[in-house]
There are 2 protein chains.
Amino acid sequence: MPNVSHLECGRCGKHFAAGKVYNLCDCGSPLLVRYHLERLRDGFSLRDLAGRAANLWRYREVLPVGEEANVVCLGEGFTPLLHAKRLGEKLGLPKLYLKDESFNPTGSFKARGMAVAVSMAKELGLKKLAAPSAGNAGGALAAYSAAAGMNAAVFMPETTPLANRLECSLLGALVELVPGSIKDCGRVMRERLNPGHGPDDWFDVSTLKEPYRIEGKKTMAYEIIEQLNGIVPDAVIYPTGGGTGLIGMWKAFDEMQELGWIGVRRPRMFSVQSTGCAPIVRAFAAHAERADEWEDPQTIASGLRVPAAIGDFLILRALSKSRGAAVAVTDQSMLNAVRDLAQTEGVLTAPEGGATLAALERLLADGLLSGYETVVLFLTGSAYKYVEAFEMAVEQSRR
Amino acid sequence: MPNVSHLECGRCGKHFAAGKVYNLCDCGSPLLVRYHLERLRDGFSLRDLAGRAANLWRYREVLPVGEEANVVCLGEGFTPLLHAKRLGEKLGLPKLYLKDESFNPTGSFKARGMAVAVSMAKELGLKKLAAPSAGNAGGALAAYSAAAGMNAAVFMPETTPLANRLECSLLGALVELVPGSIKDCGRVMRERLNPGHGPDDWFDVSTLKEPYRIEGKKTMAYEIIEQLNGIVPDAVIYPTGGGTGLIGMWKAFDEMQELGWIGVRRPRMFSVQSTGCAPIVRAFAAHAERADEWEDPQTIASGLRVPAAIGDFLILRALSKSRGAAVAVTDQSMLNAVRDLAQTEGVLTAPEGGATLAALERLLADGLLSGYETVVLFLTGSAYKYVEAFEMAVEQSRR
C-alpha cells in the first residue's frame, strides 16, 4: 500500500482522492501528490537507506506506486554526484558538484519522471500513453511503455535531433513530426488522439499534465541530500524547460523537512534558460507570477526549447522563495562550457548541462554567489544525442 | 596500501614486483595482477558491501590502486542488472538478465578498464597516455585522462563513427585517424609516439598491453555475483573484441572462489563475434590455442572490429574450461536483436549488445542451452553513438 494521502492542486489547493486517473485540476493547474509523511518518521531515515537498490525506488515510501509488480524499472536514478575538484579550484568553489543525469535509461533525467508515470499508468489500468517532446522525454516514454507492454505515441518538432527521433522509433513508439515548437506538438496531439481516461483512450502524459512525472523527478533532491550525507547545498543550478525537476525538488525539500531529514534551510534555486527561449527569465525579472509565451523559440538545447510552461507559477515561486534567480545564457556559451566541463572534469554533457556552468560563471562574475559554498550543477542528459550540434560547433570554431 | 602481492605473466607464469610500470611480459604476453586474497577473508564478504558507493570502487580490496587520492572516479560501474521478464518469457528463460553497461561514463564498459588504468598511471607518475581504439575505448581514455589532468592520444580507424571521434576531441584528446583496422592504428601509434615508461614518455595503454584495464573490467563479474545475491549464473554471453572483459571476469571468478564468495562452479562463457570479423570463433571451432588474424574485418559493431587479440589464448582457455563456445552472428541479426530488446524490454543498446541476444537465440535453437536457467547478456555500450548505423538500417528496412 502506498503512503499517498491525497492529491492537491498546486494552485487552488483543491483535494482529490488517490487511486484514480487524473490530468489537471478543474482550475487548469497541476496536481501534486501528498503523503502521510508523519507515519514515515520511523524506518525511513537517511541511515535506513544503506543497502537499498541503487535506483530511485530506494525512496519508495515517498513514491505513489502501490503494488511492487507495477514498478517498471530500467535502473533509473541514483546517478553519481561527482565532486568537480579541478573545475571548482579554477572557480574558487572547492565544493562544486556535478549531478550527472546521463547515467539514466535513455541517457537523461526524463527517465525518472517517465518511470514513475508509466508505473502509475500501469497501476491505474491505462494502456496507451502519449506526449509531445522536444527531445529526451519522448525516448523515455517510449522505453518505459515498451518495458510495460503499453503503446506510446510521441509528437516531436520537425527540428528534433535525429537521435531523439530514432530512439523513439526503435523503442516501438508511434512518432509524429510536427512543424513548430513543443507547444504545437501538444496541440496536434490533442487534435489527433483526443486523449481521455478510459482503458482504450490515449492518456496524456505531457509535462505536469499528469501528477506522477514530478514524483519521479523529485528524487533528484532526495539523492543530493543523501549523497551529501544530509548537507543541504547552498545553491542548485538547473536547466529549465518545463521545470518539472525544479518544482519536484522544491516539493521534495519540504517533504524531507517533514521527515526530519533536513531543517528549514533551502538551497538557492537557479533556473537557466537559453537567450533564444527564456520565458521564465523574463517573467522573473518582471516579478511576474506567470510567464508569457516566448515567440519563435530558438536554441540548440532542445530540452530548453519550451516557450510556455504550465507550471510557470510553481517555478517562479520556488525561485523567489529560495532567493534564487533565473539566468539566460547564449548557445555559444553553453557549448564553450560543455568543452570546459569535458576537458577539466572528463564529463561530457549535453548543451543543457553546459548551460549550468555558463550560468554559474555569470553568477560568480556578478557576485551573486559570493560566500556560498556547496553548489550543485545539474547535467540533465547525455551528449551523444547532440553529435550533429557538436559537429557543427566544432566546424564553426575551426573557421 | 593495496593488497597486491605481485604481477604474473598469463602465459609463462613469470613473476614481477608490484609498484612499477609494466607493459607486456618478456615473452610478449599480458600480465595479471595477483592479490593477497587470503588476508581478505574477513571484512570483505558480500554482506560487507551494503552501503558502499554505487561504483566499482566498492570492490577496492581487489583493485590495485593504493592511495585514495589517485582514484579517478567518474561514477563507473555498479550498472543495473535488469531482469528481462518479457523477453525471457518469450524465449522460455524466466531468469534472463541484461547487464546494461551503457550506465557508465562515456556510455560503455570501456570506462571500467580506463578508470583503473588511468588511476594506476597517476599512481605510477605517468602523464601521457595513448591507445588505438575502434570505438569506445578512446572516449573512455580521453575522459579519465582529462579528469586526471593527463594528456591522451587516440589512434582510430578512419571508419570510426563520428560520435566516437568527436567525444575524444571534445574531451581534449589528440585524435589521429588511420586507414585500416585497430591493428593498423596500434602500429602507427607506436611509430609516431615511440611509447615508453618514463614520466615524459607516452605510455601505451592498449588492450591487455598494460595490466590494469583488466582489473577494472573484472568488476563486471563481482557485480553480477553481488546483484544475483551470490548465485553463479549458468551462462554469460559476451560480445568479444579484444576480450579483456571476458578474461577479467574469468579471473574474478577464481578470486571470488578464493574469497569464499562462490564455490567451484563457473558460468558457461560464450563469446559473440560478427561474421565479418570472427577470429575467436574460427580458432575455437578449430580447437586452436591461438587465433589467426582475420583478414579485412568488416562489421557495423565497431567494438567487434578487432582482427587479432593479444589475449586470444586467455579467451579461448576461458571458453573451453567453462564448457562455453564462440558464436558468430551477422550484422543484420544484431540490428534485429537491438530492435527486439528495445521493443520488448525498453532497453536500447549498441549492435554489440544486440549480438548477445542474436547469439542466445542461436544457442537456444541449437539446443546448446537447454536445461540452463540463469543467463546474463552483456549489453556493453550505449546505442546513441550508433545513430548513423541505425539510421541506415532503418532506411534499408523501409525499402
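Lettering of chains follows the sequences in order, A, B, ..., and the numbering in each one begins at 1. Any value given below was found using the heavy atoms of this structure, including those in side chains, with hydrogens, waters and symmetry copies removed.
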- Message: Out of A:Thr344, A:Val338, A:Thr106, return the one with the most heavy atom pairs under 4.5 angstrom to chain B.
- Response: A:Thr106
- Query: Which region of A:Glu391, side chain (C-beta onward) or backbone (N, CA, C, O), has a non-hydrogen atom less than 4.5 Å from a non-hydrogen atom of chain B, or is it both or neither?
  - Reply: both
- What residue in A:Val347, A:Leu348, A:Leu166 has the most heavy-atom pairs under 4.5 Å with chain B? A:Leu166
- Query: Atom CG in B:Leu162, atom OH in A:Tyr384: separation rounded to 0.5 Å?
  - Reply: 12.0 Å
- Task: Heavy atoms only, distances under 4.5 angstrom: which of B:Thr79, B:Leu82, B:Asn55 has the most pairs with chain A? Name it, please.
- Result: B:Leu82
- Message: Once rounded to the nearest 0.5 Å, what's the spacing between atom CZ of B:Phe390 and atom OG of A:Ser169?
- Response: 12.5 Å
- Looking at B:Ala53, B:Ala143, B:Ala173, B:Ala163, which has the largest count of heavy-atom pairs under 4.5 Å with chain A? B:Ala143
- Query: Which atoms of B:Leu170 come close to chain A, meaning under 4.5 Å heavy atom to heavy atom: side chain ones, backbone ones, both, or neither?
  - Reply: both
- Identify which part of A:Tyr386 has an atom lying under 4.5 Å from any heavy atom of chain B, answering side chain, backbone, both or neither. neither
- Item | Atom of B:Ala50, atom of A:Gly51 and distance for their closest heavy-atom approach | CB-CA, 3.9 Å
- Task: Looking only at non-hydrogen atoms, find the nearest pair between A:Ala146 and B:Ala342 and report the distance.
- Result: CB-O, 3.4 Å
- Message: Counting only heavy atoms not in A:Glu158 (residues, nucleotides, ligands), do more than 12 fall under 6.0 Å from its CD?
- Response: yes
- Item | A:Asp100 versus chain B, the contacting section by heavy-atom distance below 4.5 Å | neither
- Task: Using non-hydrogen atoms and a 4.5 Å limit, figure out which bit of B:Tyr144 sits close to chain A: side chain, backbone, both or neither.
- Result: neither
- Note on the structure: With chain B, the option among A:Arg339, A:Arg86, A:Gln227 that has the most non-hydrogen atom pairs under 4.5 Å is A:Arg86
- Looking at A:Ser382, A:Ala147, A:Pro80, which makes the most heavy-atom pairs under 4.5 Å with chain B? A:Ala147
- Looking at B:Ala383, B:Ala84, B:Ser102, B:Pro105, which one has more heavy-atom pairs under 4.5 Å with chain A than the rest? B:Pro105
- Region of B:Glu167 in contact with chain A, defined by heavy-atom distances below 4.5 Å: both
